Peer 1: 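Input: one structure, supplied below.
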Amino acid sequence: MNTVRISALVGAIAFLVGLAFATFSELKVFLPALLKGLVVTLQVAGLSFVLFLFCSLLAALGRTSANLALRFAAGIYVEIFRGTSLLVQLFWLFFVLPEFGVVLTPMTAAVLGMGLNFGAYGAEVVRGAILSVPRGQTEACIALNMPEWKRLFRIVLPQAFAIMVPGMTNLTIELVKATAMVSAVTLVDITSAAVKQNLIHYRTVEIFLITMLLYYCLCQVVRYGSKLLEVRVSRYRGALN
Amino acid sequence: MNWDWTFAIHTVMPRLLSGIITTIEVTILAFLLAVLLGLPLMLLRVGKNRSISVIVGEIVEFLRSTPLLVQIFFLFYLLPEVGITLPPFATGVLAIGVYYAALCSEVFRAGFEAVPRGQWEACTALNLGRYRTMRDVIIPQMLPPIVPSLGNYLIVIFKETPLLSFVAVAEMMQAAKLIGAEFYRFSEAITLTGLLFLILSLICAALVRWVEFIVNRRIYR
Amino acid sequence: MKTPKIRFDKVTKRYGELTVLDSLDLDIAPGEVVAVIGPSGSGKTTVLRVLMTLERINEGVIWIDGEPMNRMRQGDALVPASQAHVRKLRSKIGMVFQSFNLFPHMTVLGNCIEAPIHSLGLPRAEAEARAEGLLAKVGLADKRNHYPSQLSGGQQQRVAIARALAMQPEILLFDEPTSALDPEMVGEVLEVIRELARTHSYTMLLVTHQMGFAREVADRVCFFEGGKFVEQGEPNAFFTQPQSPRAAQFLSKVLQAG
């Protein structure tokens with residue numbers, strides 16, 4: 001199935017590029033512009049992915065902590081960032097924060113906004129994974145007199161990791177797609193480049209299909225990576241089967 | 001700190017509130033479209049015809065793997081070129097509706113596959129036709145378990161409506177942007193937009209939980 | 001009189017309305033092997049769980065070697081124990097669980113060296129040497145690099161025993177160690193426990209449904225029901241001539257069945 005999909009994809013891209021070349025001499029102009037946009041998209045996606053993982057883990061630890069204040073703070077964070085729209089958050093970081101004296105570069109605002117927003121969703125995935133590690137594992141750690149933080153980092157989290165991979169993969173795909181919004185903070189990513197090129201050349205079908213295929217490829221790469229990871233961590237799931 | 005209450009209450013709020021109406025309209029219409037389109041998509045997907053189900057599956061996967069914003073732009077620019085002139089509002093609803101139809105069809109499929117095989121076998125044993133089986137036995141059973149997921153999509157759609165501000169649909173975010181452009185003040189408009197979103201999505205979540213409760217009570221009593 | 005290794009002093013444990021341990025008293029001498037038997041669902045497992053500090057008790061004091069475990073001395077008074085105090089006393093106790101609770105993401109050897117390294121602070125080489133010795137003793141030296149999911153239930157439970165022993169406890173708790181096993185694997189695990197009881201000076205507390213085994217290895221049998229020890233005694237006497245009617249009824253049922 002996967003090979004069929006990949007060959008269809010390669011065929012579609014070749015066909016579109018060929019079509020564009022045959023009918024449309026400005027291809028030389030708009031393809032580089034799209035590729036420049038791709039670099040920005042990849043930067044945003046990569047950096048905010050790191051921040052997303054970090055926020056997810058931190059907030060999940062907060063929400064599962066025994067400390068009431070930590071639980072409360074993490075809960076507020078999750079509710080606020082899940083309750084409002086990512087686009088509103090991006091605007092807020094970029095246009096409102098300066099009025100409070102904090103000026104962010106477009107890239108910082110984009111990465112911060114996406115990382116924090118997806119971190120709030122990721123926190124729930126990580127929390128669910130932590131809670132689904134069987135209680136017997138914690139009890140075994142107590143019986144072996146292991147310190148609490150080692151219990152967390154050596155026993156519970158490695159097992160939770162295997163459980164959270166599918167959920168975090170879906171969020172990562174959503175994150176890749178959400179990078180399309182970063183033109184809100186004046187970054188020129190693929191989407192924004194596509195819109196600009198389209199306004200100049202009026203080649204809607206070619207430009208947008210190529211744009212969509214680029215995103216499709218990125219998402220398939222994420223899925224493929226997650227498959228590889230899932231195979232690697234499958235042995236961790238022993239206790240659940 | 002730069003916050004002006006008079007400005008916030010007298011200038012920003014009225015405009016945002018008129019934007020809210022559009023936001024809610026888009027949400028509801030797009031959600032209905034998604035559900036109504038998602039069900040037939042799912043039926044094609046689980047249908048007997050292998051090639052149709054594969055093709056529909058790939059289309060769904062493609063829609064799921066590309067950003068909604070790009071699809072909105074695509075429709076927005078494409079439709080006039082092929083001679084269909086729709087107001088931006090309708091284009092926006094259509095784009096969001098189709099995108100979430102793809103996602104909803106996956107939810108429907110999960111619900112469909114969760115109906116035990118024995119139900120099909122019982123229907124065969126009772127000599128019910130395929131259509132009757134679907135309409136009277138399978139669909140009524142697959143719906144209640146997926147109410148939470150569908151409700152969740154309602155909230156997600158609500159939070160995605162600001163995307164339409166990119167194509168100048170006059171929803172809340174667009175109203176906020178316009179205020180910002182007009183007065184060179186962003187704090188009040190965008191912060192209030194965020195707050196309104198927070199409040200509305202909390203209400204929405206409560207509503208979804210309530211519907212879930214009603215549905216479950218009717219099923220299990 | 002010698003200080004008991006373990007002393008339960010009016011220990012009470014409640015879950016909401018339900019009283020599981022009802023002002024329970026128990027003394028166990030050093031090196032003694034005690035089997036706790038009783039109807040299922042009676043909460044006999046809770047006796048072990050409160051001793052391992054997996055559950056908090058509501059009232060009473062548990063003493064280990066004459067030291068209060070859930071409390072600590074402050075002058076003449078006993079105050080709620082600090083985490084450090086609990087950890088110090090807990091290091092004397094090892095536990096084997098009904099469902100093994102091996103760490104599925106670590107090899108057999110990894111399971112056995114994890115706590116010695118990260119709890120006792122042993123150097124890796126020493127922990128490995130110790131673990132290998134123990135694995136040889138439970139007959140699993142050749143499985144050291146396997147993962148728990150690759151082992152049979154009986155093998156997993158033997159690893160769990162080796163893992164508990166690697167902490168060099170003085171007290172060993174066995175919580176229905178054979179209940180989750182297929183019948184043909186019960187024997188190998190019981191054999192390991194029997195060997196431990198015979199050749200070592202561990203104080204052992206054993207919750208089991210294997211009456212024959214309890215009779216064979218235990219120095220004393222305690223019949224637990226309704227939050228209390230209804231009857232205690234020397235195994236042969238207990239199994240042949242139970243004093244209380246409840247114990248007699250229980251024994252006639254299980255012995256008939258098995």
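Chain letters run A, B, ... following the sequence lines, proteins first, then strands; residues in each count from 1. It should be emphasised that the depicted structure is a prediction, and the values quoted were computed from it without experimental measurement.
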Peer 1: Give the interface residues of residues 36-46 of chain A toward chain C, defined by a heavy-atom separation under 4.5 Å.
Peer 2: none
Peer 1: Restricting to non-hydrogen atoms, name the atom on C:Ser119 and the atom on A:Pro147 that form the minimum distance, rounded to 0.1 Å.
Peer 2: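 Smallest heavy-atom distance, with atoms named: CA-CD, 4.4 Å.
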Peer 1: Tell me, for C:Ile93 versus chain A, whether the close heavy atoms (under 4.5 Å) come from the side chain, the backbone, both or neither.
Peer 2: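 The backbone, not the side chain.
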Peer 1: Side chain, backbone, both or neither: which part of C:Ser91 has a non-hydrogen atom closer than 4.5 Å to chain A?
Peer 2: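 Both parts, backbone and side chain.
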Peer 1: Under 4.0 Å between a Lys/Arg side-chain N and an Asp/Glu carboxylate O for A:Lys150 and C:Glu114?
Peer 2: no
Peer 1: Under a 4.5 Å cutoff for heavy-atom pairs, which residue among C:Met95, C:His118, C:Met167, C:Gln83 has the most contacts with chain A?
Peer 2: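 Heavy-atom pairs under 4.5 Å are most numerous for C:His118.
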Peer 1: Sort and list the pairs that fulfil side-chain hydrogen bond (donor to acceptor under 3.5 Å, both in side chains) and have at least one residue in residues 52-69 of chain A, not counting sequence neighbours.
Peer 2: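 Listed once each, the pairs are A:Arg63-A:Glu124.
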Peer 1: Quick check on A:Phe72: does its CZ atom have over 12 non-hydrogen neighbours (other residues, nucleotides or ligands) under 6.0 Å away?
Peer 2: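 Atom CZ in A:Phe72 is not packed in, count stays at 12 or less.
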Peer 1: Can you name the closest pair of heavy atoms from A:Gly136 and C:Asn101 and give their distance?
Peer 2: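 Closest pair (atom of A:Gly136, atom of C:Asn101, distance): O-ND2, 3.0 Å.
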Peer 1: Distance check, rounded to the nearest 0.5 Å: C:Ser99 atom OG versus A:Arg135 atom CZ?
Peer 2: 11.5 Å
Peer 1: I want to check something: taking the side chain as every heavy atom from C-beta on, are A:Gln137 and C:Pro104 in contact at a cut-off of under 4.5 Å?
Peer 2: yes
Peer 1: Taking side chain as everything from C-beta outward and backbone as N, CA, C, O, which of these in C:Phe97 sits under 4.5 Å from a heavy atom of chain A? Side chain, backbone, both or neither.
Peer 2: side chain
Peer 1: Quick check against the 3.5 Å criterion: does C:His105 have a side-chain atom that pairs as donor or acceptor with the backbone of A:Arg154?
Peer 2: yes
Peer 1: Which region of C:Met52, side chain (C-beta onward) or backbone (N, CA, C, O), has a non-hydrogen atom less than 4.5 Å from a non-hydrogen atom of chain A, or is it both or neither?
Peer 2: both
Peer 1: Using a cut-off of 6.0 Å, state whether more than 12 heavy atoms not belonging to C:Glu191 lie near its atom CD.
Peer 2: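 Atom CD in C:Glu191 is crowded, with more than 12 foreign heavy atoms closer than 6.0 Å.
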Peer 1: Indicate the atoms forming the closest heavy-atom contact of C:Arg87 with A:Asn145, along with that distance.
Peer 2: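 The pair with the smallest heavy-atom distance is O-ND2, 2.7 Å.
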Peer 1: Measuring only between side-chain heavy atoms, which start at C-beta, is A:Ile142 closer than 4.5 Å to C:Arg90?
Peer 2: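 When only atoms from C-beta onward are counted, C:Arg90 and A:Ile142 do touch, with a gap below 4.5 Å.
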Peer 1: Under 4.5 Å from any heavy atom of chain A, what part of C:Arg163 do you find: side chain, backbone, both or neither?
Peer 2: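 Both backbone and side chain.
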